[in-house]
There are 2 protein chains.
Amino acid sequence: MPTDTPAPQSKGEQTRALILETAMRLFQERGYDKTTMRAIAAEAGVSVGNAYYYYEGKEFLIQGFYDRMTREHAVEARTRMAGRTDFAERLQIALESWVDCAAPYHEFAAQFFRTAADPDSALSPFSNESHPARTCAVAIFREVIDGSQLGPKLDPELEELLPDLLWLHLMVVVLYWVFDRTEDTERTRAFITRCAPFVAKLVSLSRYRVFRPLVRDAVDMIQDFVLPTIGKAAPAPKPAPTATPAKRKRPAKD
Amino acid sequence: MPTDTPAPQSKGEQTRALILETAMRLFQERGYDKTTMRAIAAEAGVSVGNAYYYYEGKEFLIQGFYDRMTREHAVEARTRMAGRTDFAERLQIALESWVDCAAPYHEFAAQFFRTAADPDSALSPFSNESHPARTCAVAIFREVIDGSQLGPKLDPELEELLPDLLWLHLMVVVLYWVFDRTEDTERTRAFITRCAPFVAKLVSLSRYRVFRPLVRDAVDMIQDFVLPTIGKAAPAPKPAPTATPAKRKRPAKD
DNA sequence: GAAGCCACTTGAACATGTTCAAAAACAGGT
DNA sequence: ACCTGTTTTTGAACATGTTCAAGTGGCTTC
């Protein structure tokens, strides 16, 4: 399963990595659509069929980007957050880090996004519960929370929900970013600057009496309807849906 | 530019309509991917090239579905809402109507969605300001509001924003629906049933003192960052972005 | 070493979206 | 009827993602 720079580098794994590296380079140089599978194979010095031996299709190559970017983001966000204890600030840093890490790929980000929007695709972070990128990003947001001073007094259920909520928030930012055509995605950055304090305020206010019923409603709804969809079991969902059977065509190449 | 059943039906318009009808039928029978352009052309009794004379590409044919569904939804929602005056109820009806109208197309809805997620596509309701489907849906939500008893006392800016906000809410429901794999999309229906009263409560509470600063923040943010993106000018946006030039390759076939 | 197995590799063939130069049909003016 | 320009139509050609039967090479087993 390792897609980038793991341990033993057997013959096959070397070829697999070579193809991925080449594809990533060409994607960045020419864009996704302009990069043909033939070009990737030629540039990597292998045959077209060989690329398909390791990757189920062209789309599956972008998983490489996805994974790499997520790792970069994790490192970057942790580094920049170090020492900061204000929740809004930490959140903003986490989101800005994402934009910075994703910047090189903005031009063909649409391709990522189209893939993410396809419920049939194994690459979609929505339909694939254990999507590595999702798991990693949620972990970052956990740290965003834990490193700031607001933990103890929050509603415990909300507190547990928060990392996933912030991930959803990131998804909104990503949507915004994909459609952002301004220079250096300035608009998205401004959006983040405005959002972060607002979200922080929302979280902060959730402690107060007046907001309690509202927060409870929201939390319940998300637990019942959102988390199950992205692969987390909710404590006691109402309609108790029958377990959805996993659908696979082949012995899972990647 | 009429895509369905407009007035004069000149020779060319007849062919255009024939191709669209055939495509829609085949899409429904076999699904989007399984329906080839050759099959559409053959079934319609024209040549492949002819289809491309009227439609820029395969994707552009789904615009037909989009438009038709939107019209159906408008009629359906208005009919069902008639007489109801409770905001939550009207909202729920509007959303449920959408799910009902969209039901026949659920299987290949992913295709719609992937297209909508592509910022370069002229079909995306996000990037195309005057998207007919968007305009139509927003109008429906305007009626949802106007037909219920809560108008006068709301913050006027929020009131003006609300139709677009509800449209965004619909987009969330659509996202949920696309990924919903339950029988008859029961889960989405339950989701709507839970969401509608909650949204109504939010709107209703927005009147109260305590929520005022929060509402103001949210309204400002949406006016500055969300509306401009979907093509509505905000009163006084902060960064005042330079007008984004429209990008077109050809003299706009469809 | 021969035989057999298996991971890996190949490239031609296929399927399908898309383009384009040319033909056909049509409309209007003379 | 004939010329002329425009609209519509055609189908072959093209580009590219994908498949697959066959080949290659290394390894183990006899």
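A, B, ... follow the sequence lines: proteins, then strands. Residue 1 opens every chain.
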Rounded distance (Å) that lies between atom P of D:dT7 and atom CD of B:Glu13:
13 Å
Does B:Arg114 come within less than 4.0 Å of B:Glu59, counting only side-chain N to carboxylate O?
no
Verdict with reasoning, A:Asp180 to A:Arg187, per salt bridge (Lys or Arg N to Asp or Glu O under 4.0 Å)
CA-CA 7 Å; A:Asp180 186 359; A:Arg187 198 142 186 76; over 6 Å; no
From NZ of A:Lys58 across to P of D:dT19 the rounded distance in Å is 15 Å
Please report, rounded to the nearest Å, how far the P atom of D:dA15 is from the NZ atom of A:Lys34.
14 Å
Using a 4.0 Å heavy-atom cut-off across all strands, classify A:Val48 as base, sugar-phosphate, or nothing.
base
Does C:dT9 have OP1 or OP2 sitting under 4.0 Å from an N or O in the side chain of A:Tyr54?
yes
Rounded distance in Å - CD1 (A:Ile40) to P (D:dT16)
12 Å
Whole angstroms only, please: what is the CD1-P distance between A:Ile19 and C:dC8?
11 Å
Pick the nucleotide of DNA chain C nearest each of A:Arg38 and A:Gly45; which residue has the one closer to the 5' end?
A:Gly45
Write down the distance between CG (B:Leu61) and P (C:dG17), rounded to a whole number of angstrom.
11 Å
Got more than 12 heavy atoms from elsewhere within 6.0 Å of CD, A:Glu29?
yes
Distance, rounded to the nearest Å, where B:Met37 contributes CE and C:dC20 contributes P:
16 Å
Give me the ring orientation class for B:Tyr32 and B:Phe27: parallel if the planes are under 30° apart, tilted from 30 to 60°, perpendicular past 60°.
tilted
DNA chain D nearest-nucleotide lookup for A:Thr36 and A:Asn50: closer to the 5′ end is A:Thr36
Could you check whether the rings of B:Tyr176 and B:Phe191 sit parallel, tilted or perpendicular, using 30° and 60° as the cut-offs?
parallel
Of the options C:dT9, D:dT10, C:dT10, whose atoms approach the side-chain atoms of A:Val46 most closely?
C:dT10
Is there a side-chain polar atom (N or O) of B:Tyr52 under 4.0 Å from OP1 or OP2 of C:dT19?
no
Euclidean distance, atom CD of residue B:Glu56 to atom P of C:dC20 [Å, nearest integer]:
13 Å
Look at the side-chain N and O atoms of A:Thr15 and state whether any lies under 4.0 Å from the OP1 or OP2 oxygen of C:dC8.
no
Between C:dT9, D:dT18, C:dT18, which nucleotide has the shortest distance from any of its atoms to the side chain of A:Tyr53?
C:dT9
